[in-house]
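Per chain, numbering begins at 1; letters A, B, ... match sequence-line order. Note: hydrogens, waters and symmetry copies are ignored here, and every other heavy atom, side chains too, is used.
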2 protein chains.
Amino acid sequence: MTPANAPDIAVARSHSAKRLSIIDAAACVFCREGFAGANIDLIAAEAGVSRQTVYNHHGDKENLLVAVVREITDRINVGVFDTLATFPDKPVDLEADLVAFAVRLNQNCICNRDGKFLRKLLHTEGERYPALFAGWREDGPAKTWAALAARFARLAHAGWLEIDDPDVAARQFLALVNADLQMAMIFGDNLSEEQLRTAATNAVRCFLRAYGKPRPAAI
Amino acid sequence: MTPANAPDIAVARSHSAKRLSIIDAAACVFCREGFAGANIDLIAAEAGVSRQTVYNHHGDKENLLVAVVREITDRINVGVFDTLATFPDKPVDLEADLVAFAVRLNQNCICNRDGKFLRKLLHTEGERYPALFAGWREDGPAKTWAALAARFARLAHAGWLEIDDPDVAARQFLALVNADLQMAMIFGDNLSEEQLRTAATNAVRCFLRAYGKPRPAAI
DNA sequence: GACGATTTGGACAAGTGTGTCTAAAAATAT
DNA sequence: ATATTTTTAGACACACTTGTCCAAATCGTC
């Protein structure tokens with residue numbers, strides 16, 4: 001099986017490489033021009049591929065959009081999961097640790113390429129093709145919020161925070177982290193690292209004023 | 001002049017009524033389908049007008065978009081201004097008054113028809129036609145934030161709040177108010193009044209935990 | 001009732017985009 | 001080196017849209 005497999009893998013590599021290249025280019029163009037305004041010739045050119053190849057791989061323009069959304073949401077879910085794993089469960093300096101976490105959240109999930117794509121696609125096509133994002137809606141925000149809420153609940157239990165409703169607190173944390181970035185993100189501005197840091201600091205300060213304890217009881 | 005005016009007004013009324021009707025329909029279709037996907041025949045039909053009339057009034061598809069954006073941003077600015085005027089400068093029950101204010105903000109500026117339109121147009125066309133929204137960007141968010149910050153600063157000065165940076169606090173207040181609504185708004189869900197009230201209550205509670213004083217020093 | 005302006009419906013040219021098809025070229029595996 | 005598969009480039013039909021033009025119809029005013 002192994003010798004017979006090798007060719008399959010090789011073919012699959014080139015094949016899937018093109019597939020990815022097409023999806024990336026399509027994501028880019030869909031986001032820039034909108035679904036209706038997106039031109040398949042342009043996507044093909046941007047992917048360095050002939051138009052026919054695009055049709056060979058994804059058949060349809062609508063199908064291509066589906067593939068793009070699936071790919072982006074998958075990547076985003078991975079990024080969120082990885083970043084959540086870096087939550088400061090055993091903080092040393094709670095404020096500094098939460099700020100660092102918030103910065104990572106912004107850099108790896110919200111302000112990066114995929115985050116921008118997902119946000120744009122959600123806003124442009126979310127209302128028209130709700131089914132496209134139904135899967136993400138269940139697997140994405142809901143689980144993220146719940147996971148973050150669980151982390152905060154543990155911090156509260158350990159005496160670092162005073163929280164009534166961890167779910168609400170988690171959503172508020174995320175809202176505060178984005179408070180200063182919304183406008184820039186809408187217009188596609190590139191955010192400097194310092195801006196990210198300032199935004200995160202403002203957010204965490206506010207969050208800790210609301211939910212922090214004067215002095216941690218444990219550790 | 002008055003008799004000579006009457007016809008003009010009458011004509012103008014019918015004229016401007018059609019103009020508005022066209023702009024409303026165009027806003028609707030642009031938001032649903034995106035600029036490229038918007039069909040002028042559809043806009044005309046939805047406005048109850050012949051296609052030629054659309055061209056008579058606005059000349060161009062792009063011109064029509066400009067008119068739509070101008071109209072929507074104007075209306076939004078008025079709504080924000082009016083709502084800001086209802087800020088509880090002399091609160092009786094600070095939490096209740098701020099909650100009521102937040103609910104008004106959501107109902108009159110953010111979750112209403114125009115708010116939805118502006119949000120959608122910003123996301124779909126903001127990056128491609130930044131000039132379209134340049135005027136709003138200066139007259140809208142910046143002034144709103146400043147005005148709200150001034151109100152909070154006065155509350156702080158009167159002893160109700162403890163705020164370092166009123167500008168940051170104002171942005172955070174708005175971010176908190178929207179924390180629970182983002183997802184629903186993206187998918188165009190209609191929000192019940194109870195949802196708005198709950199969201200506002202959560203937001204104000206968090207805001208006051210962060211910036212409220214244990215007991216107001218003055219009335 | 002007649003006038004002027006606006007609106008209407010339809011036809012029209014021109015351009016653009018999708019999706020299919022074909023034969024030639026390239027790449028890969030045997 | 002050869003056979004199989006993928007990719008390419010181009011042509012193609014078809015549908016759709018934009019923006020214009022025009023004559024008939026409608027509306028409100030005098």
Side-chain angles (χ1 to χ4, degrees), chain A residues 1-26 28-30 32-68 124-125 128-129, chain B residues 1-26 28-30 32-68 124-125 128-129:
Chain A
M1 263 301 187
T2 350
N5 240 359
D8 276 354
I9 291 173
V11 168
R13 182 177 304 168
S14 147
H15 201 71
S16 70
K18 276 197 195 301
R19 209 190 102 91
L20 257 199
S21 159
I22 293 171
I23 285 187
D24 270 8
C28 216
V29 175
F30 280 148
R32 272 210 320 271
E33 322 280 347
F35 178 72
N39 184 317
I40 296 215
D41 284 341
L42 188 63
I43 293 175
E46 208 148 311
V49 158
S50 94
R51 177 176 60 223
Q52 187 58 38
T53 303
V54 176
Y55 282 103
N56 285 345
H57 276 258
H58 299 100
D60 210 345
K61 192 179 179 184
E62 216 163 312
N63 232 306
L64 180 55
L65 176 63
V66 172
V68 166
T124 52
E125 320 297 342
R128 192 168 13 176
Y129 305 106
Chain B
M1 266 298 187
T2 350
N5 240 358
D8 275 355
I9 291 173
V11 168
R13 182 178 303 169
S14 147
H15 202 70
S16 70
K18 276 198 197 300
R19 209 190 102 92
L20 256 198
S21 159
I22 293 171
I23 285 188
D24 270 9
C28 216
V29 175
F30 280 147
R32 270 210 321 270
E33 323 278 347
F35 178 72
N39 184 317
I40 296 217
D41 285 340
L42 188 63
I43 292 174
E46 209 149 307
V49 159
S50 94
R51 178 177 61 224
Q52 187 59 40
T53 304
V54 176
Y55 283 103
N56 286 344
H57 277 256
H58 299 99
D60 210 345
K61 193 180 179 184
E62 215 163 314
N63 232 305
L64 180 56
L65 177 63
V66 173
V68 166
T124 53
E125 321 297 341
R128 193 167 13 177
Y129 305 107

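Of the possible donor and acceptor atoms, none in the side chain of A:Glu46 sits under 3.5 Å from a partner among the backbone N and O of A:Val29. Side-chain N or O atoms of B:Lys18 include none that pairs as donor or acceptor with a backbone N or O of B:Ala47 at under 3.5 Å.
B:Leu64 approaches B:His58 most closely through the heavy-atom pair CD1-ND1, 3.5 Å. Of all heavy-atom pairs between B:Lys61 and B:Phe35, the closest is NZ-O, 2.9 Å. Among all heavy-atom pairs drawn from A:Ala25 and A:Ile43, the shortest one is CB-O, 3.7 Å.
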Revision key, fill the gap. Scoring nucleotides 7-17 of chain D by protein non-hydrogen atoms under 4.0 Å (B base, S sugar-phosphate only, - none) yields SB--B-----S
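One atom, CZ of B:Phe30, and another, C1' of D:dT18, lie 12 Å apart when rounded to the nearest Å. Distance, B:Arg19 CZ to C:dT6 P: 15 Å, rounded to whole Å. A straight line from CG of A:Leu64 to C1' of C:dT18 spans 13 Å, rounded to a whole angstrom. Between the P atom of C:dT6 and the CD1 atom of B:Ile22 lies a distance of 14 Å, rounded to the nearest Å. Here C:dT8 presents its C1' atom at 15 Å from OH of B:Tyr55, a figure rounded to the nearest Å.
Counting non-hydrogen atoms of neighbouring residues, nucleotides and ligands closer than 6.0 angstrom, the CZ atom of A:Arg19 reaches no more than 12 such neighbours.
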